[in-house]
Amino acid sequence: MVSCNRRELLAVVASRYLEDNHIVFAGTGLPLLAVMLAKRLRAPNLTLVFEAGGIAPALPMLPLSVGDSRTTYRAIRTASMSEVMEMAQQGLITYALLSAAQIDVYGNVNSTILGRSYIQPELRLPGSGGANEMMSLCWKSWIIMEHDRKRFVDRVDFISSPGYLRGPGWREKAGLPAETGPELVFTDLGIFDFEPESKRMRLRATMPGVTVEKIMDQTGFSLIIPVSLREEPPPAEEELRVLREEVDPWRVLLEPDNFLSRVKKKVQGGETWVC
Amino acid sequence: MRILDQGRGSIFSPITPEDFRRHMRSKAQKAHTDKRMDLKTAIAEFVKPGNYLSIGGFSFVRLPMAFLWEVLRQGYVFKMAGGSRSLDFNMLLDNNMVEAVDASYILGMETLGIPYHARRLAERKEIRGELKICEWSNGTMAWRHKAAAMGVPFLPVKSLLGSDTFKYSGAKKVKCPFTGEEVALVPALYSDVAVIHVHKADMYGNCQIYGMLGDDIEKAKSARHVIITTEKIVDAEEFRRGPSPVITQFYVDAVVEVPYGAYPTNMPGLYYLDLEHLKEYLAASKDPHGKKIRAYYQKYFFNPISFQNFLDLNGGMATLERLRKLEQLHNGGENTDGFL
């Protein structure tokens, strides 16, 4: 197995599941890495949209913000936030790829507060951002996040963006568009989906070398574990090569902390950037 | 229409479509006048303590930083629209200048990290009732601005439903009288002042923007007063040849020329964000005693005598040239200056 870090593993694995010829709404970071890799390897006709208005940009260099100039460079259109959200509301957007601070057994996502009390939170987080629209309006929502017991909880402290709420039929009762909802969850430990009858999270595959016991230990609710389980194949050399050399050669998102020093060297060293 | 459910959040901006219509009736007469002025004059004339503020740009992209630099020194307390904000909201909060915010994404800076000082302040102030937060999402904030831009009191939408974000919002759920489906109604959001930084504007306030638009067109259309800061003022004839401006003169009150007015945030096509400065801010905000963040504001906002002075403190033209190269790096060195 070729060695890679957690971000690389998640980007590679999530990229394998995207079907071609769909429109994708992606947050920056891991979701974006997965989409860009899928486009290079097996789904060249995925159309990427960003919430601040960028539609299908060239992306020779990855953005730090879902609104920065790289999300609109050579885009087929630079729209407004309302226009992109309206695309989702009209049913144009298949995939919503996002990350989360906390997720629960029904795929509800919290990014607003940690703690029992809204007024006196243990921690105030940014809020629902564009994720509420993504999870309400796109056909299939995928959540990509790191796996630990504090973040995989029975009930999220606050439903910033809706999964299956409290179970089967709840999305419909709430008035959300039909046939929508979370489809897959990717973590560094496994891949999960939602059992169609109960809408509870179910283990679908383990990540390479990860045991079911470890997953159960790191999950704060009882997961549905199917009888036969698959282990996801590890990232192939070619997948990692494309991710590292073509998708994010500057490691803007693979290692955002040190991105600047690398760029500095290249600018001063007179190296030119080739798309 | 029967209300099926409603959020418990407050509505912070009291302006109604009727108020706005009356305001626009007289404003229309000033549409075709020379609106060039300096930032101090614009703020003195159009920004008042207690105002509801809409700031243009998104996250750390195309923020009107020259305005922020100036207004931070005034210390006014505002209510504000907080749909995907970063430095603007954090900096106003750090300086105790926000009493209420319609929030969808606040207190985060995407991939760059967390502004800890602002976050601690928000938690403390919320408990003491010094900061009121009403929860929204990016889409509903965009649609609230849009409803106001359309001149209607609300819009029906299909998000928010079922979430706790709805519970703590100011939205209401009803059954659509035409189709019978359930929808969330979001109220039009009018601002007292919108401040937007653009690539170029003419003296009447017609503006062009390169790159993402965020909610800026709707924000300009729904504010009683609009202050435009612009990289460059161009001849009005230029817009007659196209491409057409995205913000038109009818809405604009002040046009202020401020080159590099979005620094240290990203100005699409012109200069990339200054990661070094933003990291300095984030690092200062980590100090739990608040000493380092106060020193940061003293150094960059209160000691300099002008925004130009603030730019110089950050390395002046050498830094700006570096950011211009960094901006062009991502597009294979292609010179997007041509747009201007």
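Every chain is numbered from 1 and lettered A, B, ... according to where its sequence line falls, protein lines coming before strand lines.
If you take CE on A:Met85 and OG on B:Ser159, they are separated by 8.0 Å, rounding to the nearest 0.5 Å. To the nearest 0.5 angstrom, A:Phe50 atom CZ is 10.5 Å from B:Phe58 atom CZ. Taking CG of B:Leu326 as the start and CE of A:Met61 as the end, the distance is 6.0 Å to the nearest 0.5 Å. Considering NZ of B:Lys158 and CG of A:Leu137, their distance stands at 9.0 Å, rounded to 0.5 Å.
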Show, in sequence, the C-alpha distance, side-chain angles and deciding distance for A:Ser69 and B:Glu327, and conclude whether the side-chain hydrogen bond (donor to acceptor under 3.5 Å, both in side chains) test is met.
CA-CA 8 Å; A:Ser69 44; B:Glu327 178 65 7; 2.8 Å; yes

Is there a salt bridge (charged side-chain N to carboxylate O under 4.0 Å, His left out) between A:Arg171 and B:Glu182? Walk through the geometry before answering.
CA-CA 11 Å; A:Arg171 279 181 77 91; B:Glu182 286 169 3; over 6 Å; no

Pair A:Ser128, B:Glu135 - check side-chain hydrogen bond (donor to acceptor under 3.5 Å, both in side chains), show working.
CA-CA 8 Å; A:Ser128 77; B:Glu135 301 288 337; over 6 Å; no

Verdict with reasoning, A:Arg124 to B:Ile106, per side chain to side chain contact (heavy atoms under 4.5 Å, CB included):
CA-CA 10 Å; A:Arg124 169 75 210 194; B:Ile106 53 170; 4.1 Å; yes

Could you give me the CA-CA distance, side-chain angles and deciding distance for B:Trp143 and A:Met81, then say whether side chain to side chain contact (heavy atoms under 4.5 Å, CB included) is met?
CA-CA 9 Å; B:Trp143 288 320; A:Met81 177 119 60; over 6 Å; no

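Judged by distance alone, with hydrogens and angles left aside, the side-chain atoms of B:Asn266 form no donor-acceptor pair with the main-chain N or O of A:Asp68 at under 3.5 Å. Judged purely by atom type and a 3.5 angstrom limit, A:Glu133 uses its side chain to pair as donor or acceptor with the backbone of B:Thr140. Put simply, the side chain of A:Thr78 never gets that close to the backbone of B:Tyr210: no donor and acceptor are under 3.5 Å apart. Using modelled atom types, one side-chain atom of B:Thr165 and one backbone atom of A:Ser160 make a donor-acceptor pair closer than 3.5 Å. Counting only distance, with no hydrogens or angles, the side chain of B:Thr111 and the backbone of A:Leu64 share a donor-acceptor pair below 3.5 Å. No donor-acceptor pair under 3.5 Å is formed between the side chain of A:Gln120 and the backbone N or O of B:Ile127.
Taking A:Leu123, A:Ile55, A:Leu253, A:Thr71 one by one and counting their heavy-atom pairs under 4.5 Å with chain B, the maximum is reached by A:Leu123. The residue among B:Met212, B:Glu181, B:His145 with the most heavy atom pairs within less than 4.5 Å of chain A is B:Met212. Of the residues considered (A:Ile119, A:Asn132, A:Leu62, A:Leu125), A:Asn132 shows the highest number of contacts with chain B, using heavy-atom pairs under 4.5 Å. Of the listed residues (B:Ala184, B:Gly162, B:Gly57, B:Gly214), the one with the most heavy-atom contacts under 4.5 Å to chain A is B:Gly214. In terms of heavy-atom pairs under 4.5 Å with chain A, the best-connected choice from B:Ala142, B:Ser86, B:Ser137 is B:Ser137. Per-residue counts of heavy-atom pairs under 4.5 Å with chain B were compared for A:Ser136, A:Ala52, A:Gly127, A:Gly175; the largest is that of A:Ala52. No other option in B:Arg62, B:Arg120, B:Lys279 has as many heavy-atom pairs under 4.5 Å with chain A as B:Lys279. Counting heavy-atom pairs closer than 4.5 Å to chain B, the top residue among A:Pro162, A:Pro177, A:Pro126, A:Ala174 is A:Pro126. When each of A:Ser80, A:Gly53, A:Ala58 is scored by its heavy-atom pairs under 4.5 Å with chain B, the top score falls to A:Ser80. Between chain A and the options B:Leu4, B:Leu107, B:Asp5, B:Leu161, the largest number of non-hydrogen pairs under 4.5 Å is found for B:Leu161. Put simply, of A:Pro63, A:Gly130, A:Gly29, the one with the most heavy-atom pairs under 4.5 Å next to chain B is A:Gly130.
Heavy atoms of A:Val66 lying under 4.5 Å from chain B belong to its backbone as well as its side chain. Looking at B:Val183, there are no atoms closer than 4.5 Å to chain A (heavy atoms on both sides), in backbone or side chain.
Atom NZ of B:Lys125 has more than 12 heavy atoms from other residues, nucleotides or ligands within 6.0 Å. Around atom NZ of A:Lys173, more than 12 heavy atoms belonging to other residues, nucleotides or ligands sit under 6.0 Å away.
Looking at residues two or more places apart in sequence or on another chain, you find a salt bridge (charged side-chain N to carboxylate O under 4.0 Å, His left out) between B:Arg128 and B:Glu130.
Exactly one of A:Leu165, A:Ile159, A:Asn110 qualifies for a side chain to side chain contact (heavy atoms under 4.5 Å, CB included) with B:Ser163. That residue is A:Ile159.
Using a 4.5 Å cut-off between non-hydrogen atoms, the part of residues 166-174 of chain B that approaches chain A consists of B:Tyr168, B:Lys173.
Under a cutoff of 6.0 Å and an axis angle of 45°, B:Arg8 and A:Tyr118 do not form a cation-pi pair.
Ion pairing between B:Lys146 and A:Glu86 holds under the 4.0 Å rule for side-chain N and carboxylate O.
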